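Okay, so here's the structure we're looking at.
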Amino acid sequence: MKMEKPKKSSLFFLCFFWVFVFSNGIETPQYTVIHTESDFEIRLYRESSWMSAPVREISFEKATKQGFHRLFQYIQGANLNNSRVSMTAPVLTSIVPGAGPLHSSAYFVRFYLPIKFQATPPLPLPELNLQSEAWASHCIAVRKFSGFARDWNVVKEAEKLAASLSRTQWANSTSSESEYAYSIAQYNSPFRFIGRVNEVWVDIVGSKTEGCQSSGVAAY
């Protein structure tokens with residue numbers, strides 16, 4: 001089924017929704033910080049469930065907007081249960097390696113499901129083309145950066161994380177089995193201009209491998 005383009009009124013409500021939800025405390029994935037450096041940290045994330053929107057698009061920015069629009073419909077009740085799902089953070093855009101200016105033409109835009117729906121996510125309407133994903137506990141290398149995540153800077157931030165990892169014990173630990181080169185996590189409304197928080201995520205091989213053990217340093 002061909003999806004209709006969002007009306008201006010829908011886009012206005014979508015923007016208002018982003019402003020509202022990100023001004024309130026919302027759920028985020030739970031993790032433990034394993035190791036901290038000046039420009040990155042290693043986190044052990046717990047098991048979690050996500051709803052994912054695959055997108056074919058050259059532009060990271062356009063892919064994120066398109067994927068989130070479908071996810072927004074889902075959490076507003078476009079699912080077989082007609083359930084409203086609370087907003088969470090971050091909105092995660094995973095870049096699939098390939099050709100193009102961002103070395104990709106495919107993305108997965110992901111929504112972290114709140115605790116209430118972790119075990120049994122509402123089934124999305126088929127026309128939204130969404131898929132539920134269950135993540136096992138695993139380690140992720142994370143680099144924070146400010147401002148807006150744009151087509152011109154996400155690759156640079158990912159390269160900076162790769163350079164930092166190359167000088168540490170995790171130099172050869174990035175996952176070769178992952179189909180995603182890296183992911184960009186965005187935590188703020190597009191209408192927040194100061195104090196924005198974004199992150200680059202790269203999977204680390206095996207959460208049970210030596211050097212990626214939970215030390216209980218800090219849990220979130």
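On a predicted model such as this, the values are computed, not experimentally measured, just so you know.
- Atom CD of E57 is separated from atom OG1 of T64 by 10.0 Å, given to the nearest 0.5 angstrom.
- The shortest distance between side-chain heavy atoms of R43 and T32 does not fall below 4.5 Å.
- Between S183 and L92 the shortest heavy-atom distance is CB-CD1, 3.6 Å.
- At least one donor-acceptor pair closer than 3.5 Å links the side chain of N188 to the backbone N or O of V197.
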> Going through the checks in order, is the side-chain contact (heavy atoms from CB on, under 4.5 Å) test met by L125 and L80?
Replying inline: CA-CA 6 Å; L125 296 182; L80 298 185; 3.7 Å; yes
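- Here the closest non-hydrogen pair linking A53 and L130 is CB-CD2, 3.4 Å.
- Looking at every heavy atom in both residues, A149 comes nearest to V154 through CB-CG1, 4.0 Å.
- The cationic group of R196 lies under 6.0 Å from the six-membered ring centre of F148 and within 45° of the ring axis, placing it in a cation-pi geometry.
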> Can you check side-chain contact (heavy atoms from CB on, under 4.5 Å) on I95 and I184, steps first, answer last?
Replying inline: CA-CA 8 Å; I95 292 121; I184 302 296; 4.0 Å; yes
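- Across all non-hydrogen atoms, the minimal contact from T168 to L165 is OG1-O, 2.9 Å.
- Although no hydrogens or angles enter the test, the distance criterion places no donor-acceptor pair under 3.5 Å between the side chain of H69 and the main chain of G67.
- Note: L113 CG to S48 OG = 9.0 Å, rounded to the nearest 0.5 Å.
- Atom CD of E159 is separated from atom CG of N153 by 11.5 Å, given to the nearest 0.5 angstrom.
- Summarising the geometry, atom CD belonging to Q169 is positioned 8.0 Å from atom CD1 belonging to I42; distances are rounded to the nearest 0.5 Å.
- Annotation: side chain of P121 is in contact with side chain of Y74 (closest heavy-atom distance under 4.5 Å).
- P29 places none of its side-chain heavy atoms less than 4.5 Å from the side chain of W135.
- One finds no salt bridge joining E127 and R70 here, because no Lys/Arg side-chain nitrogen approaches an Asp/Glu carboxylate oxygen to under 4.0 Å.
- Here D151 contributes atom CG and S59 contributes atom OG; the two are 3.5 Å apart, rounded to the nearest 0.5 Å.
- With rounding to the nearest 0.5 angstrom, the CD1 atom of I115 is 11.5 Å from the OG atom of S86.
- Screening E157, Q186, R150, K144 for a side-chain contact (heavy atoms from CB on, under 4.5 Å) involving N198 leaves a single residue, Q186.
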>> Go through it in stages, so that I can follow the logic: the residues are M87 and F111, the test is side-chain contact (heavy atoms from CB on, under 4.5 Å), and I'd like the CA-CA distance, side-chain angles, deciding distance and then a yes or no.
In response: CA-CA 9 Å; M87 187 61 192; F111 171 84; 3.8 Å; yes
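- At distances below 3.5 Å, at least one donor-acceptor pair connects side-chain atoms of N79 with backbone N or O atoms of S83.
- The aromatic rings of W201 and Y45 lie tilted to each other, with the angle between the two planes from 30° to 60°.
- In this structure, R143 forms no cation-pi arrangement with F40, as its terminal cationic atom is not both closer than 6.0 Å to the ring centre and no more than 45° off the ring axis.
- Among all heavy-atom pairs drawn from L161 and V142, the shortest one is CD1-C, 4.4 Å.
- The closest side-chain donor-acceptor pair between E199 and Y187 falls under 3.5 angstrom.
- Side-chain contact between F117 and V85: present, with at least one pair of heavy atoms (C-beta onward) separated by less than 4.5 Å.
- Side-chain atoms of W170 and I204, non-hydrogen and from C-beta on, do get closer than 4.5 Å to each other.
- You'll find the side chain of Y112 reaches within 4.5 Å of the side chain of Q118, heavy atoms only.
- Side chains of Q73 and Q76 form no contact here, defined as non-hydrogen atoms less than 4.5 Å apart.
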>> Between T93 and R110, does the side-chain contact (heavy atoms from CB on, under 4.5 Å) criterion hold? Intermediate values first, please.
In response: CA-CA 6 Å; T93 303; R110 294 185 165 95; over 6 Å; no
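- Counting only heavy atoms from C-beta outward, the side chains of P124 and M51 approach each other to under 4.5 Å.
- Between A78 and L128 the shortest heavy-atom distance is O-CD1, 3.4 Å.
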